[in-house]
Every structure is written in C-alpha cells, then in structure tokens.
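Notes follow once the structure below has been shown.
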There are 2 protein chains.
Amino acid sequence: MKDKLTSNAQAVLEVVRTANNHPTALEIYETVREQRPRIGVATVYRILHNLVEQGHVKEINTSEESCRYDGRISRHDHAICTVCGALIDVPVDVKVSEAILQAAAQASGITLSSHEVRLYGLCPSCQAKHK
Amino acid sequence: MKDKLTSNAQAVLEVVRTANNHPTALEIYETVREQRPRIGVATVYRILHNLVEQGHVKEINTSEESCRYDGRISRHDHAICTVCGALIDVPVDVKVSEAILQAAAQASGITLSSHEVRLYGLCPSCQAKHK
DNA sequence: ATGGGTGCAAATCCTTTGCATCTGC
DNA sequence: GCAGATGCAAAGGATTTGCACCCAT
C-alpha cells in the first residue's frame, strides 16, 4: 500500500489534502494545473483512482448525477460493496441516538431532515471470489 | 404532493417499485421500454426527477462516478444539503453501537469494514434563502 | 533499454435541452 | 384549444481509452 508516488501523484494528493471543500476530479485537475500546466485530465483521473485504491484518499458520492433509485421511501440504511458496488438494503434499522443526530446537525450548521447509515464492506458474492 | 401521475409516470413508478436491485435511470428506461417501446430516455429522466421531488421514489448515490474526493481518510460523517448538494464534514463523531452495526452487517450478508452516517437537510446558505 | 507514467485527442457514457408534436381535459 | 407531457435528436459534461512519447531506473 505504500507504493511510492510519482511527482504528479504527490501534487494531486497535496491538492486533495489541502482542499477544504471536497473537490471533484475536475476541480482537482484545475488546481493541480496551476502548478503543472502540462498535466492532462486523464492523468488526474488515473492518479485519483490509484490514490483511492491505495487508501490515501476517499471518494464520497453526493447526490448529483449517476444515482440509483429506490422505491422504498421509508427510512432505511444501505450496505455497499466496496468491490463491485452492489447496493443492498439493510433489513434492520440501524439506530442512531436522536440527541447525537441533533448535536451533529447543529455542529454542521444544517437543519436535519433525515439521515442514513451506510455500511461498507464485501458483499456475499465478492466474498466468495475471496482473493 | 399527490399530483396525479401520467400513465408513463405510473409505468416508471411501477418499475422502480417492483425492482429489487436499485436500478439506474437507464436500467429503468430499458425495463419500461418493454411495455412502452416508444418512450424516450429524456422522458424517463424527467419522470424520475418528478417522482423524487414528489417523494414517491428516493435516489441513492453509489460509488460509481461523479464523486468528490476527501483527503481526510479517518472515519467521519457527512452532512449533505438536499437543495444545493453541499457536502459538509460533520465535526463530531456520530456514534453508532458496534453491536448494532455488526447485526446490520450480518443481516445484510456483508462483511463490514467501515461505515458512515449521512445527515440530510438544508445547509446554512440554503436556509438563508429560506423559502 | 525497458516499463510504467503521461499528455493529447478521440471515444464513451450518462444526462439534459430544444423543439415540434401529441394528449388529456 | 391549451398547458403540460412526450419523443427525438442534438448538445453538454464527465470520465475513460488508445496511443505514442518521455522519464526514471
């Protein structure tokens, strides 16, 4: 996991680490470009994938585009396979204290309207292909 | 919120409700097309947006594409604005009982490696624009 | 010199938009 | 007859891929 990084990769990692706003790949690209005008988008995408794979960076998916739809509108949680991306409804309610939720919302500055717990791990079929 | 649905919208809703796999918009389109060969993708996208807005359907974003990157790799939670999509790090740890997490993971069939709590609501600036 | 990393451009894929037509009321 | 819904095609945006070149080892 501690593969050494190329200088481009270091620059990208630096940008992600110092960013305070969860940048998108293209935003990262724009910023890196200020230091390294000749870098290409493709390189940034490739590097980001590597960094995620190596655990230096995490990706978060927000609700813009590329989403899946769910007919179950009652509150429930999801389990997501980190290998194949499978999305599984969690059949039990993962309880979180209301007081903690409110405190967290207040600390974040948002008015809370709902919440979701996400479990990440390997789905059954990816476990089977163990490795 | 109980606007009445067009027959196309009903067909789309039906597909989403009976799907057991959290289909993407395109998957929904393909399925609806079996019943209504003349429907277009754009219509399906428009209908899905309406259904989400009306609360008949929810959207979930999985980790394929369109994501943002986070240099903070230690576990932490996120608050997401349902209006503008702003993604805010929650500055406090939202605790979830380990026992509950394990039970949920087991019930879902996954091997749990991490989890995240997501809070949804209005961010400060969207609150300001009240309405 | 060799192989991986890189830049560039083209290709893909997903989603949205413009617009003319159609539908239900 | 009208307003909104729809189909189609074209546009747009994000990400990936193919390929030749370059660099570090």
Side-chain angles (χ1 to χ4, degrees), chain A residues 1-16 19 21-54 56-70 83-85 87, chain B residues 1-16 19 21-54 56-70 83-85 87:
Chain A
M1 174 171 295
K2 275 293 154 234
D3 305 321
K4 85 172 151 341
L5 302 175
T6 65
S7 65
N8 271 339
Q10 286 171 22
V12 170
L13 181 53
E14 172 71 8
V15 168
V16 177
N21 57 339
H22 305 288
T24 63
L26 286 181
E27 287 164 354
I28 294 166
Y29 166 64
E30 292 300 341
T31 306
V32 171
R33 207 139 70 115
E34 292 167 11
Q35 315 299 325
R36 323 188 136 237
R38 301 196 25 86
I39 199 172
V41 234
T43 304
V44 172
Y45 277 99
R46 282 184 286 236
I47 288 174
L48 283 170
H49 287 162
N50 293 343
L51 292 177
V52 168
E53 199 163 289
Q54 296 161 203
H56 289 114
V57 151
K58 276 190 174 180
E59 45 186 30
I60 332 173
N61 351 72
T62 110
S63 78
E64 311 151 27
E65 326 298 285
S66 103
C67 37
R68 312 185 85 90
Y69 294 87
D70 193 340
V83 172
C84 71
L87 182 61
Chain B
M1 174 172 290
K2 274 295 155 232
D3 306 321
K4 87 174 152 334
L5 302 174
T6 66
S7 66
N8 271 338
Q10 286 172 22
V12 169
L13 181 54
E14 172 71 9
V15 167
V16 177
N21 57 339
H22 304 287
T24 62
L26 286 181
E27 287 164 355
I28 294 166
Y29 166 63
E30 291 300 343
T31 307
V32 171
R33 207 139 70 114
E34 291 165 12
Q35 315 299 324
R36 325 189 134 237
R38 301 194 27 86
I39 199 172
V41 235
T43 304
V44 171
Y45 277 99
R46 282 184 285 235
I47 288 173
L48 283 170
H49 287 163
N50 293 344
L51 291 177
V52 168
E53 200 164 289
Q54 297 163 203
H56 289 115
V57 150
K58 276 191 173 177
E59 45 185 29
I60 332 173
N61 349 75
T62 109
S63 81
E64 309 151 27
E65 327 298 285
S66 99
C67 36
R68 313 187 83 91
Y69 294 87
D70 193 341
V83 172
C84 71
L87 182 60

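Per chain, numbering begins at 1; letters A, B, ... match sequence-line order.
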| field | Earlier contact from the 5' end, DNA chain C, for A/A42 and B/L26 | value | A/A42
| task | Classify the side chain of B/R46 versus the base of D/dG7 as yes if they form a donor-acceptor pair under 3.5 Å and no if they do not. | result | yes
| request: Would you mind reading off the distance between A/N8 atom CG and D/dC21 atom P, rounded to a whole angstrom? | output: 20 Å
| field | Student check: side-chain heavy atoms of A/L51 and A/L5 closer than 4.5 Å | value | yes
| For the pair made of CG in B/N50 and P in D/dA5, what is the distance, rounded to whole Å? | 7 Å
| B/R38 CZ to D/dA5 P: how many Å, rounded? | 19 Å
| request: Whole angstrom is fine here: how far is it from CZ in A/R36 over to C1' in C/dG7? | output: 13 Å
| query | Counting any heavy atom closer than 4.0 Å, what does B/T6 reach on the DNA or RNA strands: base, sugar-phosphate only, or nothing? | reply | sugar-phosphate
| remark: Of the candidates C/dC25, D/dT6, C/dT16, the side chain of B/H49 sits closest to C/dT16
| task | Give, for atom OG1 of A/T31 and atom CZ of A/R33, the distance between the pair rounded to the nearest 0.5 Å. | result | 10.5 Å
| remark: From CD1 of B/I47 across to C1' of C/dT16 the rounded distance in Å is 15 Å
| Length of the line joining B/Y29:OH and C/dT15:C1', which is rounded to integer Å | 13 Å
| Which heavy atom of A/V44 sits nearest a heavy atom of A/Y29, and at what distance? | CG2-CD1, 3.8 Å
| message | Between A/Q35 and A/V15, is the side-chain contact (heavy atoms from CB on, under 4.5 Å) condition met? List the steps. | response | CA-CA 10 Å; A/Q35 315 299 325; A/V15 168; 5.8 Å; no
| request: Check the distance between D/dC8's C1' and B/R33's CZ and give it to me in whole angstrom. | output: 12 Å
| message | So, OP1 or OP2 of D/dG7: does either fall under 4.0 Å of a side-chain N or O from B/T43? | response | yes
| task | To the nearest Å, give me how far apart CG (B/L51) and P (D/dA5) are. | result | 12 Å
